[in-house]
Amino acid sequence: MKKQDENLFKIGEIVKILGVTRKTILGYEEMGLLEPAIKDESSGYRYYTADNMTQIRSIRSLQTLGLSLAEIREYYYDTENLDHQLERLMDLRATLDRNIHLLQLRAAKPGDLSIHQVRLPQQVCFCRRYQCADVRDAAVKLRDTYIAAARTGKMSMSARMFTVRMNEAATGLDLLCCIPVEEDFIGEERTEFAETSALCIYYRGAYEGIGSAITILNEYVQANAIETTGKFRSIYLEGPPNRGTHMSDYITQVVIPILPCCKSL
């Protein structure tokens, strides 16, 4: 079959124009995401419209955001589960926001211990409490908790793990190790944390120095008569999994929950 309409494009032309592979386009067709304007069953020739190209670009854009082809198909054609699709896209947006924020933090100068006011989300966590001998022991206990949470099959793929210092201020390592899990997790390790305002310092450096950030936050709270509503948390944004032994590049969000009526910083 010869192309009769100059407004139609062969699959080879689409490949060159959009920078995708023939296999990718055929994969979209197999998933029901794309239908060529003309398809000759005997020869296998396919011809596409400008609308088809727009559709391919849209699919590629959603893939870049992190959606699978199955999720993209739901996005286009499933009108009964819109809440699920919206939740998924909001999770992706939150992940992008976090990554952008991390890049901004990396650009900041080391040693910056300025205080910020943030909002901590409501979340359910798999938690275990330990009396840790030192920071190295705490890292082992946190890893063990992570493994146990992963085996439940309910671990969150987006939220960050953290520890809560159950004792006062920066002394000792009585830690509650917390791994975010899905809302429907049921078990004796389940702990629910409410959404709350908080003060925080984005600490860059080895975990042994986190106590300095806690001390600064504690002094600020006392000096300004701020009422706290929880204990100090260390939320691990970047560490050994992606920074290896470069401890100066570790980023930990050290926070203390507060009442929402506190003045803005």
Return the [atom1] to [atom2] distance between [X] and [Y], rounded to the nearest 0.5 Å.
{"X": "Ile72", "Y": "Arg60", "atom1": "CD1", "atom2": "CZ", "result": "10.0 Å"}
{"X": "Ser234", "Y": "Arg165", "atom1": "OG", "atom2": "CZ", "result": "5.5 Å"}
{"X": "Asp51", "Y": "Asn7", "atom1": "CG", "atom2": "CG", "result": "11.0 Å"}
{"X": "Ile256", "Y": "Thr196", "atom1": "CD1", "atom2": "OG1", "result": "9.5 Å"}

Quiz item: Would you call Glu71-Arg73 a salt bridge at under 4.0 Å N-O?
Solution: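 No, Glu71 and Arg73 are not salt-bridged.
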
Exercise. Answer yes or no: is there an ion pair linking Arg129 with Asp174, defined by an N-O contact shorter than 4.0 Å?
Key: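 Yes, charged N to carboxylate O under 4.0 Å.
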
Quiz prompt | Exercise: identify the closest heavy-atom pair between Leu113 and Ile201 | solution =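 Smallest heavy-atom distance, with atoms named: O-CD1, 3.6 Å.
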
Exercise. Not counting sequence neighbours, which residues clear ring-ring contact (aromatic ring centres under 6.0 Å, His included) with Phe162? List them please.
Key: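 Scan of Phe162 (ring-ring contact (aromatic ring centres under 6.0 Å, His included), adjacent residues dropped) gives Phe193.
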
Quiz prompt | With sequence neighbours excluded, residues passing ring-ring contact (aromatic ring centres under 6.0 Å, His included) with Tyr28 | solution =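 Tyr28 satisfies ring-ring contact (aromatic ring centres under 6.0 Å, His included) with no residue once adjacent residues are dropped.
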
Hey, does the side chain of [X] reach the backbone of [Y] with a donor-acceptor pair shorter than 3.5 angstrom?
{"X": "Glu219", "Y": "Ile216", "value": "no"}
{"X": "Glu227", "Y": "Ile258", "value": "no"}
{"X": "Asn218", "Y": "Ile214", "value": "no"}

Quiz item: In terms of hydrophobic clustering (I, L, V, M, F, W, Y; side-chain heavy atoms under 4.5 Å; direct or indirect links), are Ile147 and Val181 co-clustered?
Solution: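 No: no chain of side-chain contacts under 4.5 Å links Ile147 to Val181.
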
Quiz item: Which pairs count as ring-ring contact (aromatic ring centres under 6.0 Å, His included) when at least one residue sits in residues 119-157, sequence neighbours excluded?
Solution: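 Counting only pairs at least two positions apart or across chains, the ring-ring contact (aromatic ring centres under 6.0 Å, His included) contacts touching residues 119-157 are Phe126-Phe185.
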
Practice problem: Sequence neighbours left out, what pairs pass ring-ring contact (aromatic ring centres under 6.0 Å, His included) with at least one residue falling in residues 55-75? | Solution: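 Listed once each, the pairs would be none.
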
Quiz prompt | CA sep, side-chain torsions, deciding dist, call: Gln63, Leu69, side chain to side chain contact (heavy atoms under 4.5 Å, CB included) | solution = CA-CA 7 Å; Gln63 282 185 292; Leu69 290 182; 3.6 Å; yes

Practice problem: Using a cut-off of 6.0 Å, state whether more than 12 heavy atoms not belonging to Glu35 lie near its atom CD. | Solution: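 It does not: Glu35 CD has 12 such atoms or fewer within range.
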
Self-check item: Exceeds 12 heavy-atom contacts within 6.0 angstrom, atom CZ of Arg151
Solution: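 Not buried by this count: 12 neighbours or fewer within 6.0 Å.
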
Self-check item: Partner set under side chain to side chain donor-acceptor pair (under 3.5 Å) for Ser58, not counting sequence neighbours
Solution: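 Once residues adjacent in sequence are excluded, the partners of Ser58 under the side chain to side chain donor-acceptor pair (under 3.5 Å) criterion are Tyr76.
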
Exercise. Given ring pair (Phe, Tyr, Trp, His ring centres under 6.0 Å), test Tyr250 with Tyr236 step by step and report yes or no.
Key: CA-CA 8 Å; Tyr250 293 178; Tyr236 302 102; 9.6 Å; no

Quiz item: Can you list every salt bridge (Lys or Arg N to Asp or Glu O under 4.0 Å) pair that touches residues 19-29, not counting sequence neighbours?
Solution: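 Sorted pair list: Glu29-Arg46.
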
Quiz item: Are Thr163 and Arg233 close enough that a side-chain donor and a side-chain acceptor fall under 3.5 Å?
Solution: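 The answer is no; no qualifying pair exists.
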
